[in-house]
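Indexing begins at 1, ligand by ligand and atom by atom, following the structure's order.
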Amino acid sequence: MKFSYFIFHLLILQDVYSNSIINCQLRENCLEEEVKKSEFPDGFLFGTSTSAYQIEGGYIEDGKSLSNWDVYSHTNGSIKNGGNGDIADDHYHRYLEDIDIMESLGVNAYRFSISWSRVLPNGSSGPMNPIGIKFYNNIIDNLLHKGITPFVTIHHNDYPQELEERYGAWLSPFMQEEFVYFASTCFKNFGNRVKYWATINEPNLVSELAYMKGIFPPVHCSPPFGKCSYGNSDIEPLLVVHNSILAHAKAVKIYRDQFQVEQRGMIGMVASAYMYKPMTDDEVDKKAATRALTFHVAWLLDPLVHGDYPIEMRHYHGRKLPRFSYKEKLLIKKSMDFIGINHYSTLFVKDCLHSNCTCMHENNPTCSHGENRAILGFLLTSGQNEDGEFIGDPMGMPGLYVVPQGMEDIIDYIRKRYNNMPIFVTENGYGSNDNQEGGYDLDKDINRIKFHKAYLTSLARSIRNGANVRGYFIWSLMDNLEWNFGYTIKFGLYYVHPLTLDRSPKLSAHWYHDFLINNIQEKKSI
Ligand code: BGC
């Protein structure tokens with residue numbers, strides 16, 4: 001090691017060791033001063049989370065067909081630096097190593113998703129791919145062998161491109177039947193070992209990105225939200241969520257009628273769950289913050305618990321909002337055994353019903369990351385208020401801010417609105433853009449540790465207040481393809497080397513390990 005490099009490293013270490021978080025690893029009693037695993041109920045699932053397209057690679061191997069994301073990522077300019085999921089983290093070939101990593105971390109659960117185009121390359125109109133099935137069987141069996149509970153998301157953004165071409169995918173009611181076929185295939189093949197099923201990941205966010213802003217496939221939007229060749233930003237997101245709700249409920253019915261008694265698992269849906277705070281003390285902004293929660297979170301969850309969309313949404317959208325028939329209402333009501341939430345950030349909300357929010361111009365802080373979002377109920381969301389003050393420290397991932405209190409607040413909202421149903425925090429993570437020339441400093445990971453400690457402390461408070469939270473999954477096990485940001489934004493506890501794809505624990509992996517083995521006498525090293 002060169003001397004200058006050695007001194008440089010020493011300085012960094014000195015700086016790092018002066019931080020109490022690192023001291024935590026060195027002091028015997030430190031975990032007693034901080035959030036502790038013992039503050040969470042027995043049987044609580046502590047895991048990491050990933051999704052198929054973001055980590056697997058193997059994009060045309062062993063019978064897998066092209067997915068919507070394969071096609072999108074191969075379209076010039078879609079993903080930062082020309083990134084794609086062709087190889088990603090090569091988890092398709094390295095899953096055993098990744099399961100070993102999870103074992104050494106000390107997690108007792110792992111949330112991952114199934115690549116639809118690997119298992120059913122042509123959807124319901126073609127044969128099942130036995131090699132795809134075998135791949136997920138191997139993952140499940142190896143997880144169980146290591147004492148790690150599989151928590152499976154059936155659909156997380158990627159579907160066979162053929163379904164896009166045949167029906168227009170989620171815009172079409174035919175996609176409901178396709179999804180039911182896919183979900184049933186999963187229950188049949190994996191359900192004897194999988195006890196936690198999440199049907200669909202975040203339709204309430206994906207609909208906005210793909211059909212309002214047009215920045216996810218199939219790139220649909222209309223002005224003023226974006227310039228796409230197709231789309232209607234006011235209507236399509238509503239249709240997509242409608243079809244997703246019905247697809248979920250139909251799959252749940254099959255699970256409950258045909259599999260659940262024997263397989264004894266739980267099934268739910270995962271919602272994107274931002275927390276919202278009024279930008280000012282004005283009554284209209286306070287109402288707008290409540291409206292944002294209704295139009296973002298309750299839009300998806302109310303139908304699945306109470307059997308219909310929130311009345312406020314009907315009031316604002318009128319006939320644009322699709323209706324459920326009487327029979328459909330019965331089907332969707334109480335169609336979840338648990339609520340999954342992905343919570344990252346809190347945003348300020350400004351009312352646009354009573355004030356002028358023409359926010360499409362730059363240099364206005366209130367407009368930097370939000371717009372007059374029709375599907376959110378005519379309001380504007382932003383990480384900054386009108387004085388330019390941030391709601392919390394910005395993460396490297398644009399649009400996300402560190403606001404730990406938001407965790408307790410969003411759980412509180414869900415607990416009260418949904419009769420304290422079981423909740424899993426299926427994603428929570430810190431997105432950094434710490435790309436460094438000439439390598440990555442694994443020790444420079446203090447912000448991620450601070451983030452998780454603070455959010456877990458907030459979560460522990462909500463549990464003390466009576467919330468029925470059953471699990472917490474860190475997004476993500478390892479750095480991976482962060483959708484449009486490609487490999488430039490990193491959420492992982494493990495760093496993945498861009499050329500060798502070797503995995504190395506960051507400081508946050510060491511911290512999570514310490515946290516998880518808190519109650520175990522003998523510490524295993526990571
Ligand atoms: C998604 C993940 C994504 C993460 C960070 C969540 O909304 O489910 O796939 O990587 O956010 O952006």
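- A salt bridge does not link K444 to D434: none of the charged nitrogens lies less than 4.0 Å from a carboxylate oxygen.
- Every atom of ligand 1 is numbered from 1 in the order shown, and the set under 4.0 Å from a heavy atom of N342 is 8 (O).
- Between the side chains of E236 and N232, not a single donor N or O lies within less than 3.5 Å of an accepting N or O.
- Scanning the protein heavy atoms around atom 2 (C) of ligand 1, the nearest turns out to be E427 OE1, 3.5 Å.
- Note on R111 versus E427: salt bridge recorded, some NZ/NE/NH1/NH2 to OD/OE distance being below 4.0 Å.
- Between M395, E202, Q54, H156, it is E202 that holds the heavy atom closest to atom 7 (O) of ligand 1.
- Looking at N480 against ligand 1, nothing comes within 4.0 Å, counting heavy atoms.
- Heavy-atom proximity to E482, at under 4.0 Å, picks out these atoms of ligand 1: 3 (C), 5 (C), 10 (O), 12 (O).
- Note: no N/O pair closer than 3.5 Å links S51 and ligand 1 by distance alone.
- What sits closest to atom 4 (C) of ligand 1 on the protein, heavy atoms only, is Y344 OH, 3.3 Å.
- No donor-acceptor pair under 3.5 Å is formed between the side chain of R415 and the backbone N or O of S462.
- Defined by atom type and a distance below 3.5 Å, a donor-acceptor pair is missing between the side-chain atoms of E482 and Y487.
- At a 4.0 Å heavy-atom cut-off, ligand 1 touches N201 through the side chain alone.
- Close contacts between ligand 1 and M397 involve ligand atoms 12 (O) [criterion: under 4.0 Å to a heavy atom].
- Using a 4.0 Å cut-off between a side-chain N of Lys or Arg and a carboxylate O of Asp or Glu, K146 and D100 qualify as a salt bridge.
- E208 and K213 are joined by a salt bridge, as a carboxylate oxygen and a charged side-chain nitrogen come within less than 4.0 angstrom of each other.
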